[in-house]
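Working notes, beginning with the structure itself.
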Number of protein chains: 2
Amino acid sequence: MKSEPPGDQVLGARSAGEDHPSVESTRSRILDIALELFTVQGYEKTSLRQIAEELGYSKAAIYYHFKSKDEILLALHYRLHDFGHSALESIETSSDTVASWTTFVDQFIDLMLEHRNLFTLHERNRAALERLHDERHGASHDDLEDHFRRALGDTSVDLDTRVRMAASFGAIFGCLVLVGDAFHDVPAEDLRQSLRWAVRDLMRQPE
Amino acid sequence: MKSEPPGDQVLGARSAGEDHPSVESTRSRILDIALELFTVQGYEKTSLRQIAEELGYSKAAIYYHFKSKDEILLALHYRLHDFGHSALESIETSSDTVASWTTFVDQFIDLMLEHRNLFTLHERNRAALERLHDERHGASHDDLEDHFRRALGDTSVDLDTRVRMAASFGAIFGCLVLVGDAFHDVPAEDLRQSLRWAVRDLMRQPE
DNA sequence: GTCTATATTTCGATAGAC
DNA sequence: GTCTATCGAAATATAGAC
C-alpha cells in the first residue's frame, strides 16, 4: 500500500565519488522539491512543469517515478505518517489520561521539532490531503490525527481537561509551525525546554 | 480600496415580506457560499460553476458582482480584517508586555469564538491568501497577523515569554479551529472560560 | 441582473522515440 | 530513464442578447 517503485532511501543507488550534484535518488529529489513548492505555493498552484524545471528534467520524467500528481502528495504524507507511527509505538497508552497525555506531548514536541517542514506541508494543504483521504475509502489510517481525535472526543473526561489537551497541542503547533520564522534562529534545545515547561503549566502538571 | 459594488450589508435591499428564500443581497449570498466551499474544498478546488450552482444562478452572474475569483476571496479576507481591526482599536498597547498580552488574548478569544468560520477559512487557505497579499504590493496591512509578528519578534523580551505568547495564540487556535468539531457541541461560554483559565496558567498570570 | 455562448489558457496525463 | 509532442478536460473570464 505504500510505495511500489524504487523506494525512498536517503542514499543514492551508486557508490561514493558521485559526479551528480546530489546523492539522492531522483525520486527522493522530486519529493524534496515538491515538499518545498507545495508548502510555499500550495498543492494546486504547483504544476508538474514547475517541479520538472527545478529538477532539471522534463515533465514526463516525473511520470516515470510517480503515476500521478496525487501520488507525490501521498508519498509526502506517508513520510510524516511513518515517523508518527513509530513515535506512537514507543508510547504505551496508560489509563491515567493526564499523565499519559503529558508523556505523549513530550514525544510530540520532539517529533514536530524534527519534522517541522512536513508538519507545515500538512498544515497548509489540509484540503488536498483530506480529499486524498476520502478517495482512499479503505486504508485504516491509524494516524496521529486519529490519536488526537480519540483523546479529545473522550467525553468521560471533564471539559476543562480536554480543552487543555487541545490547547497544549495547539501551543506546540503554534510555536513550531504557525508563527513561521519567528523562532527560526532559536536553538532547538531552548525551544524544546521552553515548550515543555509551558505545556506543563498548561496541563497543571509541574514536575 | 475595499468593495466598490453594492456593499456588504446584512439586510436585503427590499422591505419585509420578502418572497425570496433569503433577505441577503446576492453579493452577500455569494460570499456565504464561497466561505463554506473555500473552507471545505479549498480555494483552488472550488470552481465558480460550483458556486453558481448553489447560488441558483449561472456562472456569469457572479461576474456582475465580482470582477474575478480572487476578488471573492479578498472580500472574505476583508470581512475578518475589519472585525480584527475594530477589535485591535479597543486595546491600548501598554508598555507592560505580559499584561497587555493577556488583555489582548482575552479579546482575541472572543473574536475567534464569534468568527470561527472566517478564521478556519484563513487557516485552510494561507497559500492563496499570501499570494493575494504579495500581488497587492501596496496595501499597508495593519493586520492581526502583523500585530502577532511584532509582539513575537520583540527580542528585548526573553525567549520563554515569547514562546508562551506564541503558545497561547496556538492554544486558542488549536481549540477553536484546528480540532474542528471536537468542541462543536460545547456552549461558547464554557469554552471561553476554560480557554481563559488555560491561557492564564500558560502565561503564569493567575487572576 | 442574469442569461447563453465562446474565447483563452493551463494543466494533468499519455504515446512513442531514443 | 528521459525526451518531444500532443490530447483532452476543466477552469477563468468575456461578449453580447434579453
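By convention in this document, chain letters (A, B, ...) are assigned in the order of the sequence lines, proteins followed by strands, and residues within each chain are numbered from 1. Side chains included, hydrogens not; waters and symmetry mates left out as well; all remaining heavy atoms used.
Of the side-chain N and O atoms in Tyr64(A), none sit less than 4.0 angstrom from OP1 or OP2 of dT2(D). The shortest distance between the side-chain N/O atoms of Ser58(A) and the OP1/OP2 oxygens of dT2(D) is not below 4.0 Å. Contact annotation: Thr26(B) side-chain N/O to dT2(C) OP1/OP2 distance is under 4.0 Å.
Considering only the side chain of Ala61(A), dC3(D) comes nearest among dT6(D), dC3(D), dT2(C). For Tyr57(A), taking side-chain heavy atoms from C-beta onward, the closest of the listed nucleotides dA13(C), dT2(C), dT2(D) is dT2(D). Among dT12(D), dT4(D), dG1(C), the nucleotide with an atom closest to any side-chain atom of Lys69(B) is dT12(D). The side chain of Tyr63(B) lies closest to dT12(D) when the candidates are dG12(C), dT12(D), dG1(D). Distances from the side chain of Ala60(B) to the nucleotides dT14(C), dT12(D), dC3(C) place dC3(C) closest.
Every ring-ring contact (aromatic ring centres under 6.0 Å, His included) that Phe148(A) has, sequence neighbours left out, goes to Trp101(A), Phe104(A), Phe108(A), Phe169(A). Applying the salt bridge (charged side-chain N to carboxylate O under 4.0 Å, His left out) rule to Arg116(B) yields no partners; only residues at least two apart in sequence or on another chain are considered.
When rounded to the nearest whole Å, the span between CZ of Phe66(B) and P of dT14(D) equals 15 Å. If you measure from atom NZ of Lys67(B) to atom P of dG1(C), you get 19 Å, rounded to the nearest angstrom. The CG-C1' distance, from Leu74(A) to dG12(C), rounds to 17 Å in whole Å. In this structure, Leu55(B) atom CG and dG1(C) atom P are separated by 14 Å, rounded to whole Å. Whole-Å rounding puts the Arg49(A) CZ to dA13(C) C1' distance at 16 Å. Here dA11(D) presents its P atom at 8 Å from CD of Gln50(B), a figure rounded to the nearest Å.
Under the side-chain hydrogen bond (donor to acceptor under 3.5 Å, both in side chains) rule, His122(B) has a single partner from His77(B), His81(B), His115(B), which is His77(B).
Between Asp160(B) and Arg164(B) there is a salt bridge, with a side-chain nitrogen of the basic residue lying less than 4.0 Å from a carboxylate oxygen of the acidic one.
Backbone-only contact: Ser47(A) has heavy atoms under 4.0 Å from sugar-phosphate atoms and none from a base.
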